[in-house]
Amino acid sequence: MKIAGAKRWLLAGLAASALLHLFTGYTNRYYLGVSIDVAINIVLAVSLNLINGHTGQFSLGHCGFMAIGGYVSAMLTIAAHKAGIPQALTPLVFAASLLAGGVFAALAGIGVGIPSFRLRGDYLAIVTLGFGEIIRVFFQTFEPAGAASGLKGIPNYTNFLWAWGTAAITIYVVAALVNSTYGRGFLAVHDDEIAAGAMGVNTTRYKVTAFAIGSFFAGVAGGLYAHHKVFLSPTGFDFMRSIEIVVMVILGGMGRTAGVAVAAILLTLLPELLRGFSDYRMILYSLLIIILMLSRPQGLFNFVGGKRVKA
Amino acid sequence: MPAILELERVTIRFGGLTAVSEVDLALPDNALFGLIGPNGAGKTTAFNLITGVYQPTEGRITFQGSPTAGLKPHQLAAHGIARTFQNIRLFASLTVFDNVRVAMALHHPHGIAQALWRGSEFQRGERDVAQRIHELLEIFNLDEVRDVQACSLPYGDQRRLEIVRALATQPRLLLLDEPAAGMNPTEKSQLADLIRSIRTRFNLAVLLVEHDMQLVMNLCERIAVLDYGVKIAEGSPGEIRRNPKVIEAYLGEEHSPDNPPPSHRP
């Protein structure tokens, strides 16, 4: 049990983000952009891992929560921008908008969670998939957010520090939560719900908690994404985006926080590295995933055994 | 002695099937109580009723004087009912240590806030839990395998770990669903000693479902017999052994295989 060092790791992560942030002025904008994409995907994958990996609730709607967070946060900062908030206050405004996006996403997570907890496995996956689509279609027709033509004019607030700082916090929260006597309940729900209930684990509450925390961070990731790309389009939040995050979780090894973070890095960099192959890029990407899955079905970074993987 | 658990005319129907029918049962505090009956007699269903997995269609169940109607399994666990399962249900991917730790969480005061803040109070709490798990595992000789994944333990150890895990919830009543299934005679006699010592050491009542007649007759002070969901007899092991209804329904089958009892099926 590594307890004492946990908070030190968080501080180290935040400090490293701040330190590297100082040098971002010297790097090329492309690398900076990719590094922010990596951090956002870490937030998404690690938070989904709490739901899918640790708690064993197969969710295919993570991107829906991301969309909610993204739109809420972007609309708030646009409004603040129009109201003429002084430059010095923008970090505060941004932080508040990210939190608001996260809270809205968490509420949606609880809302979609509670009626779905009678469902397990594939059935829950289908409900969450449907939910993600509803969110996408909603924003496609939601005039105040630009509907199908997308939300333009989002201020470019996301920088290296915001993105990687959030990634460090997400990893810390999920790891600290699971590595506690309280948090072992998530894993118990994953392994055997009936036995967990008989041992006093309130399985419904654990599942709602996992969904709430997981979707909160998905919402925050959506906010970071919105202020990184400065443009939001509903088509960017389609089903394939959710699948990408699920693939990161599976490839990293369900329930392995560190593995999932590394998988998020790899799977974000891979399509970028394959740019040289232009048209064949996505074929190669898919092929590599198939090869990885065949060679390490328990996940790239799962060294204990294949027992945890049951999709 | 006052009854810790009482079933009054408890009935459950699944569609047209009455799995348990008007069963009365009073389990004295600190008792070693056996529940026997042929396959499909409703023993496990009775367990599921007592632990809140099913709600009775009719009748009422009281535990320590208060009715359990409407309570969920995890709430009943908090009230002091713990169980093991007929087909072992450990948290297979967790270590031996963590299997017990999950059950410890029930009476552990720390939640999300403490887990995230990780202050000195939290760390003291975690150390305390670790110490208590260590003590429990020692008693059952499982401490050496504390870091082994539960699914890779030998069968007998898995059964014992299930009992340890149940005890970690600090129960007043322990339900054991066929704890001797698949064990050899030596393991069975060790198990009987173990159950006796658990009763004294942890000061609780044990309700046991078991197919092994010798074990039940040896171990239990009182036995109830179910057949097709109906309680057909209750008494001391000696009384049960002599009861003609029981012999016909159950023991007769076992003692004279050439002379099968008449079918009860409707």
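A note on names: the letters A, B, ... follow the listed sequences, proteins ahead of strands, and every chain is numbered from 1. All values derive from a computational prediction rather than experimental measurement.
Heavy-atom minimum distance, B/Ala82 versus B/Pro171: CB-CB, 3.6 Å.
Ranked by heavy-atom pairs shorter than 4.5 Å toward chain B, the options A/Ile213, A/Ile194, A/Val173, A/Val178 are led by A/Ile194.
For B/Ala78, no part lies under 4.5 angstrom from a heavy atom of chain A. B/His108 touches chain A through its side chain: at least one heavy atom from C-beta onward sits under 4.5 Å away, while N, CA, C and O do not. Contact annotation for B/Thr51: neither backbone nor side-chain heavy atoms come within less than 4.5 Å of a heavy atom of chain A. Heavy-atom distances place the backbone of B/Leu90, and not its side chain, under 4.5 Å from chain A. Both the backbone and the side chain of A/Ala196 come within contact range of chain B, each with at least one heavy atom under 4.5 Å from a heavy atom of that chain.
Side-chain N/O atoms of A/His62 and A/Ser47 include a donor and acceptor closer than 3.5 Å.
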side-chain contact (heavy atoms from CB on, under 4.5 Å) for B/Leu7 and B/Val20? Distances and angles first, verdict last. CA-CA 11 Å; B/Leu7 275 65; B/Val20 170; over 6 Å; no
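Under a cutoff of 6.0 Å and an axis angle of 45°, B/Arg165 and B/Phe91 form a cation-pi pair.
For the ring-ring contact (aromatic ring centres under 6.0 Å, His included) with A/Phe65, the lone residue among A/Phe104, A/Phe216, A/Phe131, A/Phe217 that qualifies is A/Phe131.
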